[in-house]
Amino acid sequence: MIMGSVFAMRQKEIKRVIAYSSVAQMGYIFFGIGLGNKLGLIMAIFHIIGHAVTKSALFLSVGAMIEKTGKKELKALKGIGKEMPYTLGLFTMGSLSMVGIPILPGFISKWYLSLASIDAAKPLLIGAILISSLLNVAYYFPIVVNGYFGEENLKGKVYKSKEKPLKELIPLLVLIVGMIFVGVVSHETIEMIMKGLS
């Protein structure tokens with residue numbers, strides 16, 4: 001969980017950041033399993049579902065940025081929000097889930113994994129979840145902020161000049177809506193997983 005995020009922070013290319021973020025997310029899954037209780041296992045399965053739609057959306061949005069700009073270095077993508085505002089907006093939604101903003105599946109996973117840690121009589125492990133979440137902020141938010149406000153790269157860029165057509169953004173939009181839906185119906189999903197494990 002923590003080392004995947006640490007390595008993500010050290011990357012210079014955006015796809016490598018997302019890839020190491022996936023390593024960190026696998027840590028959450030094994031964290032839940034390793035707690036050795038039912039809630040931990042349930043949340044490990046839930047996290048697989050939430051991560052599947054969220055990370056798919058992130059990779060698809062990043063792929064669109066690379067395709068349209070021909071660049072994948074983080075410093076070269078500063079100001080991309082000027083040229084691809086919708087794509088960056090959808091990327092931002094995925095980032096918010098990864099960081100753990102309420103309602104989104106990333107928050108649901110972290111909340112219940114914290115409860116599972118308490119249930120397993122290991123409350124100190126909540127610290128690992130908090131540290132990992134802060135590290136997520138440290139490498140996702142700079143991409144978003146620099147994407148919208150990367151002043152040094154904004155010169156000469158035309159608003160929406162590289163944005164993909166709507167029909168090509170639909171798969172990405174579907175994934176983001178699916179991600180939000182997973183968060184909204186999390187209670188029902190968790191109950192379904194619980195019944196499946198009974």
Side-chain angles (χ1 to χ4, degrees), residues 1-35 43-81 84 87-114 117 125-150 152-153 172 175-176 178-180 182-183:
M1 283 164 55
I2 294 173
M3 291 311 298
S5 293
V6 169
F7 282 116
M9 291 173 64
R10 296 171 58 87
Q11 302 309 307
K12 305 298 181 186
E13 295 181 4
I14 193 165
K15 264 195 171 181
R16 292 176 70 88
V17 172
I18 308 301
Y20 274 109
S21 170
S22 292
V23 174
Q25 299 308 308
M26 294 308 105
Y28 283 98
I29 294 165
F30 285 103
F31 179 95
I33 295 169
L35 287 173
M43 292 321 298
I45 296 170
F46 177 84
H47 196 72
I48 291 171
I49 298 167
H51 182 251
V53 288
T54 306
K55 195 53 68 72
S56 296
L58 288 172
F59 269 118
L60 201 57
S61 57
V62 165
M65 293 177 198
I66 294 171
E67 179 191 347
K68 299 299 282 188
T69 64
K71 298 170 183 175
K72 48 188 168 183
E73 293 80 15
L74 291 172
K75 62 180 181 181
L77 291 172
K78 290 181 179 180
I80 190 67
M84 303 180 73
T87 303
L88 185 61
L90 294 169
F91 175 88
T92 301
M93 289 298 296
S95 299
L96 292 175
S97 179
M98 298 303 294
V99 168
I101 299 301
I103 298 177
L104 300 175
F107 170 80
I108 305 297
S109 292
K110 292 173 183 181
W111 176 260
Y112 279 100
L113 283 172
S114 298
S117 299
L125 290 178
I126 296 173
I129 297 172
L130 291 173
I131 292 169
S132 179
S133 296
L134 290 173
L135 291 174
N136 287 337
V137 172
Y139 60 85
Y140 274 113
F141 278 16
I143 296 173
V144 173
V145 172
N146 287 325
Y148 286 115
F149 307 106
E152 64 271 30
N153 281 10
L172 177 53
L175 285 169
I176 292 296
M179 176 195 77
I180 295 169
V182 169

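Between T92 and F141 there is no side-chain heavy-atom pair separated by less than 4.5 Å. In this structure, the side chains of Y139 and L74 stay at 4.5 Å or more apart for every pair of heavy atoms. M98 is listed as a side-chain neighbour of Q25, based on a closest heavy-atom distance under 4.5 Å. Side chains of S22 and H51 form a contact here, defined as non-hydrogen atoms less than 4.5 Å apart. Contact of the I80 side chain with the K71 side chain is not registered, since no non-hydrogen atoms from C-beta on lie closer than 4.5 Å. The side-chain heavy atoms of M65 and L88, taken from C-beta on, include a pair separated by under 4.5 Å. Counting heavy atoms from C-beta on, the side chains of F31 and M43 never come closer than 4.5 Å. Put simply, the side chain of I29 reaches to within 4.5 Å of the side chain of M26, judged on heavy atoms.
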(message) For a side-chain contact (heavy atoms from CB on, under 4.5 Å) check, start with the C-alpha distance between E73 and K12, then their side-chain angles and the critical distance, and finish with the verdict.
(response) CA-CA 6 Å; E73 293 80 15; K12 305 298 181 186; 5.6 Å; no

(message) Apply side-chain contact (heavy atoms from CB on, under 4.5 Å) to residues I18 and Y140 and explain how you reach the verdict.
(response) CA-CA 9 Å; I18 308 301; Y140 274 113; 3.8 Å; yes

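In this structure, I143 CD1 and Y148 OH are separated by 12.5 Å, a value rounded to the nearest 0.5 Å. Atoms CD1 and OG1, on I176 and T54 in that order, are 7.0 Å from each other to the nearest 0.5 Å. To the nearest 0.5 Å, the span separating CH2 on W111 from CD1 on I129 amounts to 11.0 Å. In this structure, OG in S21 is found 6.0 Å from CG in N136, a value given to the nearest 0.5 Å. Here the CG atom belonging to L172 is positioned 9.0 Å from the CG atom belonging to L58, to the nearest 0.5 angstrom. Note: L90 CG to M84 CE = 10.0 Å, rounded to the nearest 0.5 Å.
Heavy atoms from other residues, nucleotides or ligands lying under 6.0 Å from CD1 of I103 number 12 at most.
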